[in-house]
Number of protein chains: 2
Amino acid sequence: MHVDGKPYRTIWLAEDGWSVEIIDQTKLPHAFETVCLQSAEDAAHAIRTMQVRGAPLIGATAAYGICLAMHAETTDDALDAACENLLATRPTAINLRWALDVMLQHLRACEQSARAKAAYQKAAEICDEDVVTNQAIGTHGAALIAQAWQRAGKDRPVNILTHCNAGWLATVDRGTALAPIYHAYDEGIPVHVWVDETRPRNQGAALTAWELGKHGIDHTVIVDNAGGHLMQRGRVDLCITGSDRTAANGDVCNKIGTYLKALAAHDNGIAFYVALPFSTIDWSIADGVAEIPIEERDPAEVTRISGRADDGSLATISITPGNSRAGNYAFDVTPGRLVTGLITERGVAEASSEGLLCLYPEKARATGGTKQ
Amino acid sequence: MHVDGKPYRTIWLAEDGWSVEIIDQTKLPHAFETVCLQSAEDAAHAIRTMQVRGAPLIGATAAYGICLAMHAETTDDALDAACENLLATRPTAINLRWALDVMLQHLRACEQSARAKAAYQKAAEICDEDVVTNQAIGTHGAALIAQAWQRAGKDRPVNILTHCNAGWLATVDRGTALAPIYHAYDEGIPVHVWVDETRPRNQGAALTAWELGKHGIDHTVIVDNAGGHLMQRGRVDLCITGSDRTAANGDVCNKIGTYLKALAAHDNGIAFYVALPFSTIDWSIADGVAEIPIEERDPAEVTRISGRADDGSLATISITPGNSRAGNYAFDVTPGRLVTGLITERGVAEASSEGLLCLYPEKARATGGTKQ
């Protein structure tokens, strides 16, 4: 996507041919700054501190973390240590494990002397594949937006509610939940996006609003509390969110609060779609609500908020009494029964074992599936 | 209630015998400051800027606003003008209209020369009645908490989730939603409160956390997104919120986001109670979801957040891109079907026309009711 006219991905190889550059997403929307990663630990730090975030981008950054490790040392020990360190950064996003598995499998089969080059090639493939995947998600999802526009009589914009940021900033490019919106907009369908601010880290208010604004898409930032009211009053046509991990039964783990919006959509007969690439599906999890581990993060993300002071500087303030405890649960799980459909690169699936296996029949053969 | 050992109400007559003092709730939890109101416009300003908020306290402040108007001038015109100005401050909270109606009816029947004294007497009555009402709500609600404690085997605290602030700061004293919690705690039942921060104005993080802390009640501040996840994982025993206006059919208008928590409680089989005084019931509204007007407030409440800078000063920061629009809907309506019970000063009612008329049979006689 473009930032002030210049094309960007969220992660790219630096001009030196080996170090890796990222956009520091903790500074957005107040400042656009890039950071250069020069070691696997730099990559782990970027994931841990959420300079990069979003399941697909976490996977891509981990892949480049392995490249940086191999640039320094190509032994099995170095490979294993880098994998272990990167895997420990975020427990919920499944793409992290997926990308590391892809890298590990590929590099274990290589001679040590060939590993560095092979790693950079594979990481680039993972990134390019992410972009192609997201473009396909965009095409499939845009058809749903076009249908909603038609149903509404084509005389007003389609109102789409999204939670957190599953835009191009959450991926290598194009986004997952926002890919259909970009695609529909680029095709001339008028869209308006309700942007949940997405406490505690405000990825909606900070990142989704920023990237929609940069693309010229009409949007309104709302507090996370507002979506139910808007749905009740007929002001939302459909919802699209991303997913950090999707269970084999169609349960969707995504940013905390997604479940509440799915409940409201269900209560008001509004379509609730989740957009996700194949790499986000965890075929080993049969029941998402019961089994997906939920990351608990630093309570300071709840008690303190960062933003732009009136003099333009970045500032952090405390919003709770000093002696009050806070809890910070990063994700929740939306049962598949509340999800109208899963928008993947292969098309739109019902959020169930059967639905997913229809799109990914090779997984039924590989795992025995749930249908015998 | 006590603040650092000293008993306080949220509104009281100053030592001069005519001006009125309030706690400036926009400064909490960072600073405890009182403000002296000396005119009806001062009272309107305090309501408009939310120095005082919470349906019962808004009503009490409006009543004292009439006193201040009568202190200056006791003509019919002065009375009508003050009523009109005060009524325009907040469109959703029904107690405002209720308190002004009580004052108006009382004062219209008085000689002009007797109006000032009569106004102060009536306002004091409204305040004292609020305290008695809330104590009764506390007694009835505490019984529900005691039952939940017993059901859980009495071997751990009862986990109660609340939204916004319906504590003593929202009333003259004791609170509505928090009155049962204070009552249960004072009776020795171990309680732990999940405090929704309640964006955009953070009345939970700022006010509920502050007053629970001052009373020594164990609590954890969470983002508004987290409640569904906690309910799914069995970490909430019951929910209690307040109400800004309750329709005759049991629909409850309360702080934006209440509806989402009620949906999650319903989906997880968790009791969802709403605590409210009689003065919050709007018998003229037959269908709350369809008919209650929802206040839209300044979008800056969404895009800007105030808190305590690290040097202890109060600061305000912006959290959205400068060119992103925001929407600020202050309330939503929870359908009675999602409410387990309405805790009133007369006992616990089913959230329906029938339930409310069982507790308030005089309203069936007065209005013809819904049962013939």
Side-chain angles (χ1 to χ4, degrees), chain A residues 29-30 194-195 197-200 202 205-206 209-210 212-213 218-230 232-233 255-261 263-264 267 289 294 299 302-310 315-329 331-333, chain B residues 29-30 194-195 197-200 202 205-206 209-210 212-213 218-230 232-233 255-261 263-264 267 289 294 299 302-310 315-329 331-333:
Chain A
H30 313 298
W194 295 108
V195 178
E197 65 171 345
T198 318
R199 285 277 292 144
N202 286 337
W210 182 81
L212 289 174
D218 187 30
H219 62 281
T220 306
V221 178
I222 50 174
V223 295
D224 302 307
N225 284 323
H229 167 67
L230 292 171
Q232 235 178 10
R233 299 275 164 128
K255 182 59 51 196
I256 190 83
T258 302
Y259 168 48
L260 295 171
K261 293 303 139 61
L263 283 166
D267 198 46
V289 174
I294 300 299
V302 174
T303 60
R304 292 166 66 77
I305 300 184
S306 297
R308 190 176 63 251
D310 288 343
T316 301
I317 57 173
S318 297
I319 58 163
T320 52
N323 52 358
S324 288
R325 195 170 58 235
N328 186 6
Y329 309 89
F331 303 93
D332 63 20
V333 181
Chain B
H30 313 297
W194 295 108
V195 178
E197 66 170 345
T198 319
R199 284 277 291 144
N202 287 335
W210 181 81
L212 290 174
D218 187 30
H219 62 281
T220 305
V221 178
I222 50 174
V223 294
D224 301 307
N225 285 323
H229 167 66
L230 293 170
Q232 236 179 9
R233 299 276 164 127
K255 182 58 52 195
I256 189 83
T258 302
Y259 169 47
L260 295 171
K261 293 303 138 60
L263 283 166
D267 198 47
V289 173
I294 300 299
V302 174
T303 59
R304 293 166 65 77
I305 300 184
S306 297
R308 191 176 61 251
D310 289 343
T316 301
I317 57 173
S318 297
I319 59 164
T320 51
N323 52 359
S324 287
R325 196 171 57 237
N328 186 7
Y329 309 90
F331 303 93
D332 63 20
V333 181

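So that the names make sense, note that chain A is the first sequence line, chain B the second, and so on, each numbered from 1.
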Region of S306(B) that comes under 4.5 Å of a non-hydrogen atom in chain A: backbone

Side chain, backbone, both or neither of P29(B) within contact of chain A (heavy atoms, under 4.5 Å): side chain

Distance in Å, Q232(A) CD paired with I294(B) CD1, rounded so as to fall on 0.5 Å steps: 8.0 Å

Spacing of L263(B) atom CG and K261(A) atom NZ [to the nearest 0.5 Å]: 11.0 Å

Residue pair I305(B), I319(A): steps toward the side chain to side chain contact (heavy atoms under 4.5 Å, CB included) verdict: CA-CA 9 Å; I305(B) 300 184; I319(A) 58 163; 4.0 Å; yes

Atom pair OG1/CG of T316(B) and D310(A) - distance to nearest 0.5 Å: 7.0 Å

Most chain B-contacting option - heavy-atom pairs closer than 4.5 Å, from D332(A), V289(A), T320(A): T320(A)

Main-chain N/O of R199(B) paired to N225(A) side chain as donor or acceptor, under 3.5 Å: yes

Pick from P321(A), G213(A), G307(A) with the largest number of heavy-atom pairs that fall under 4.5 Å of chain B: P321(A)

Parallel, tilted or perpendicular: ring planes of Y329(A) versus H229(B), cut at 30 and 60 degrees: tilted

L230(B), part contacting chain A, at a heavy-atom distance under 4.5 Å: side chain

Which atoms of N328(B) approach chain A - backbone, side chain, both or neither, heavy atom under 4.5 Å: neither

Minimum heavy-atom distance V223(A)-P200(B), with the two atoms named: CG1-CB, 3.7 Å

A326(B) versus T220(A), closest heavy-atom pair with distance: C-CG2, 3.6 Å

Side chain, backbone, both or neither of N202(B) within contact of chain A (heavy atoms, under 4.5 Å): side chain

Approximate separation, where rounding is to 0.5 Å, of E197(B) CD and T303(A) OG1: 10.0 Å

Closest contact, heavy atoms only, H219(A) versus S324(B): NE2-OG, 2.7 Å

